[in-house]
Amino acid sequence: MQWVRVLGTGSSVPEKVLTNFDLEHMVDTSDEWITTRTGIKERRIAAPSETTSKLALEAAWRALEAAQVAPEEIDCIIVGTVTPDMLFPSTACLLQHALGAKRAFAFDLEAGCTGFVYALAVAEKYLLAEGRGKALVVGAETLSKIVDWQDRATCVLFGDGAGAAVVGLGDRPGILATYLGADGGGAHLLELPAGCSRMPASFETVEKRLHYIKMNGNEVFKFAVRIVEEASLEVLRKAQKTVDDVKLFIPHQANIRIIQSAAKRLGIPEEKVFVNVEKYGNTSSASIPIALDEASRSGRIREGDIVLLVGFGAGLTWGAALIQW
Ligand code: ACO
């Protein structure tokens, strides 16, 4: 039997740190409010010249190096992102060229903060169907460029970064199961209204600040707590595993209260939950691969361990992947 295994991971975040105290000078907020409501203490902010593809490139090189795979060996590049360099060409094509991954086909995948889990699941199915090859799966964002820095309800939440994984076929267990879902009925809860076919860019859309993230935080919060539990149980059921088999739980890093509520509902003890939201805020599709890379490099995941990834986000979308390391 063949499995798709994670061969190496990498990540990259911008140098610039924006703390809660910095935000106190920008909008009517406080370190105390942000910390208690979200668990976030600081986030990274891309420089004006730092694009999503640049962050993706650094993360990808690190993942390739860890996997000891050359760019020419990659057959498929998928970038999960809601902040591409441009609407087209895709960030994945820019990345493919920058890497010199000449053999790879490349495309972006837009599934909000679930982008990386969606991309991982698609890559896994593709490699299994082909019966050969390697894929580079990336989650990369520069959310600071689409955040309304006058809106305290959203600007304190998000940050920039990228994470990547090289995956390939092997004869030992790797990705045990994936589970994806969507509900476009919740599209209005989290959106960037203008700039495309529904509301093309105009003076009016700029004046009304419609090129920035709009979110109904309370509704997204309720959805997130429910769906993290549901998606986790569903992927465990598909793999015929239980919560007790999970060595490390890596949920999307949006808010510490969402993470803690979901872990409690699942009965996963604190020491098995990976958290780095305090350092980076919500980096959307980059959050899970950055966490996965940090967990792997810091020795929190060892060979044979079962890792549970769960994402949720705009769409609405959700997804989980159960991986044996
Ligand atoms: N500083 C100070 N006060 C604030 C701030 C702020 N930054 N933001 C909001 N407030 C105020 C509100 O105005 C409100 O004041 P009021 O009671 O006078 O009206 C009060 O704080 C409470 O606001 P709530 O929105 O009820 O606060 P809540 O406890 O729900 O926390 C939060 C808000 C953190 C946004 C929470 O709802 C949340 O985390 N939601 C999920 C968001 C999320 O995960 N989004 C990402 C999804 S993934 C993706 O695809 C991007």
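Heads up: numbering here begins at 1 and tracks the sequence. As the structure is a computational prediction, the values presented were derived from the model and not from experiment. Order of appearance sets the numbers: ligands from 1, and atoms from 1 within every ligand.
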**Q** Kindly indicate, with the supporting measurements, whether the criterion side chain to side chain contact (heavy atoms under 4.5 Å, CB included) is fulfilled by M86 and T52.
**A** CA-CA 10 Å; M86 295 168 274; T52 295; over 6 Å; no
**Q** Report the C-alpha separation of K125 and T178 in whole Å, then their side-chain angles, then the decisive distance to 0.1 Å, and conclude whether the side chain to side chain contact (heavy atoms under 4.5 Å, CB included) test is met.
**A** CA-CA 10 Å; K125 297 330 175 223; T178 61; 2.9 Å; yes
**Q** What atoms of ligand 1 come closer than 4.0 angstrom to any heavy atom of A254?
**A** 44 (O)
**Q** Show which atoms of ligand 1 fall inside a sub-4.0 Å distance from at least one heavy-atom site of T38.
**A** 34 (C)
**Q** Taking non-hydrogen atoms only, is T154 closer than 4.0 angstrom to ligand 1 via side chain, backbone, both or neither?
**A** neither
**Q** In ligand 1, which numbered atoms sit nearer than 4.0 Å to a non-hydrogen atom of A314?
**A** 49 (C), 50 (O)
**Q** Is it the case that the side chains of D22 and T19 hold a donor-acceptor pair, with the cut-off being a distance below 3.5 Å and no angle test?
**A** yes
**Q** What residue among I258, N282, I40, V277 forms side-chain contact (heavy atoms from CB on, under 4.5 Å) with Q253?
**A** V277
**Q** Do me a favour and list the nearest non-hydrogen protein atom to atom 24 (P) of ligand 1 with residue, atom name and distance?
**A** N218 OD1, 4.0 Å
**Q** Work out whether the distance between some heavy atom of I34 and some atom of ligand 1 is less than 4.0 Å.
**A** no
**Q** Report the part of V156 in contact with ligand 1, treating N, CA, C, O as backbone and CB onward as side chain, heavy atoms under 4.0 Å; options are side chain, backbone, both, neither.
**A** side chain
**Q** Should R152 be counted as touching ligand 1, given the test is an N or O pair under 3.5 Å?
**A** yes
**Q** Going by the order shown, which atoms of ligand 1 are within less than 4.0 Å of some heavy atom of G313?
**A** 48 (S), 49 (C), 50 (O)
**Q** Heavy-atom distances under 4.0 Å are what count here, so tell me which part of I258 touches ligand 1: side chain, backbone, both or neither.
**A** side chain
**Q** Is ligand 1 under 4.0 Å from a heavy atom in the side chain of C113, in the backbone, in both, or in neither?
**A** both
**Q** Taking the basic N atoms (NZ, or NE/NH1/NH2) and the acidic carboxylate oxygens, is any pair closer than 4.0 Å for D160 and R43?
**A** no
**Q** Does the side chain to side chain contact (heavy atoms under 4.5 Å, CB included) test come out yes or no for F249 and V310, once each step is laid out?
**A** CA-CA 8 Å; F249 175 47; V310 188; 3.8 Å; yes
**Q** Would you check whether S30 has a nitrogen or oxygen atom less than 3.5 angstrom from a nitrogen or oxygen atom of ligand 1?
**A** no
**Q** Which one of I213, T154, N216 satisfies the side-chain contact (heavy atoms from CB on, under 4.5 Å) criterion with L190?
**A** I213
**Q** Regarding ligand 1, does F312 bring an N or O atom to under 3.5 Å of one of the ligand's N or O atoms?
**A** no
**Q** For atom 17 (O) of ligand 1, is there a protein heavy atom at a distance under 4.0 Å?
**A** no
**Q** Would you call D151 and K214 a salt bridge, taking side-chain N to carboxylate O under 4.0 Å as the test?
**A** no
**Q** Indicate whether atom 32 (C) of ligand 1 is within a distance of less than 4.0 angstrom of some protein heavy atom.
**A** no
**Q** Report yes if some N/O of S284 lies less than 3.5 Å from some N/O of ligand 1; otherwise report no.
**A** no
**Q** List ligand 1 atoms under 4.0 Å from N255, heavy atoms only on the residue side.
**A** 34 (C), 38 (C), 39 (O)
**Q** Does an N or O from N282, backbone or side chain, lie closer than 3.5 Å to an N or O of ligand 1?
**A** no
**Q** Flag atom 14 (C) of ligand 1 as yes if some protein heavy-atom distance to it falls below 4.0 Å, otherwise no.
**A** no
**Q** For the residue pair T83 and E141, confirm or rule out a side-chain donor-acceptor distance under 3.5 Å.
**A** yes
**Q** With atoms numbered from 1 as shown, which atoms in ligand 1 lie under 4.0 angstrom from a non-hydrogen atom of F158?
**A** 51 (C)
**Q** Can you name the atoms of ligand 1, numbered from 1 with element, that are less than 4.0 Å from a heavy atom of H252?
**A** 48 (S)
**Q** Would you check, one step at a time, whether the test side chain to side chain contact (heavy atoms under 4.5 Å, CB included) holds for S11 with R62?
**A** CA-CA 7 Å; S11 60; R62 286 174 192 157; 5.7 Å; no
**Q** Under the salt bridge (Lys or Arg N to Asp or Glu O under 4.0 Å) rule, what do R300 and D305 come out as? Steps first, then yes or no, please.
**A** CA-CA 9 Å; R300 281 197 67 183; D305 283 355; over 6 Å; no
**Q** Using 4.0 Å as the upper bound for N to carboxylate O, is an ion pair formed by E219 and K222?
**A** yes
**Q** With a 4.5 Å heavy-atom cut-off, do L64 and L99 have their side chains touching?
**A** yes
**Q** Among all protein heavy atoms in this structure, tell me which lies nearest to atom 29 (O) of ligand 1, with the distance rounded to 0.1 Å.
**A** R37 NH1, 2.6 Å
**Q** Would you call E50 and R44 a salt bridge, using N to O less than 4.0 angstrom?
**A** no
**Q** Heavy-atom distance to atom 37 (O) of ligand 1: which of S287, G217, G315, A224 wins?
**A** G217
**Q** For ligand 1, does F221 get within less than 4.0 Å through its side chain, its backbone, both, or neither, judged by non-hydrogen atoms?
**A** both
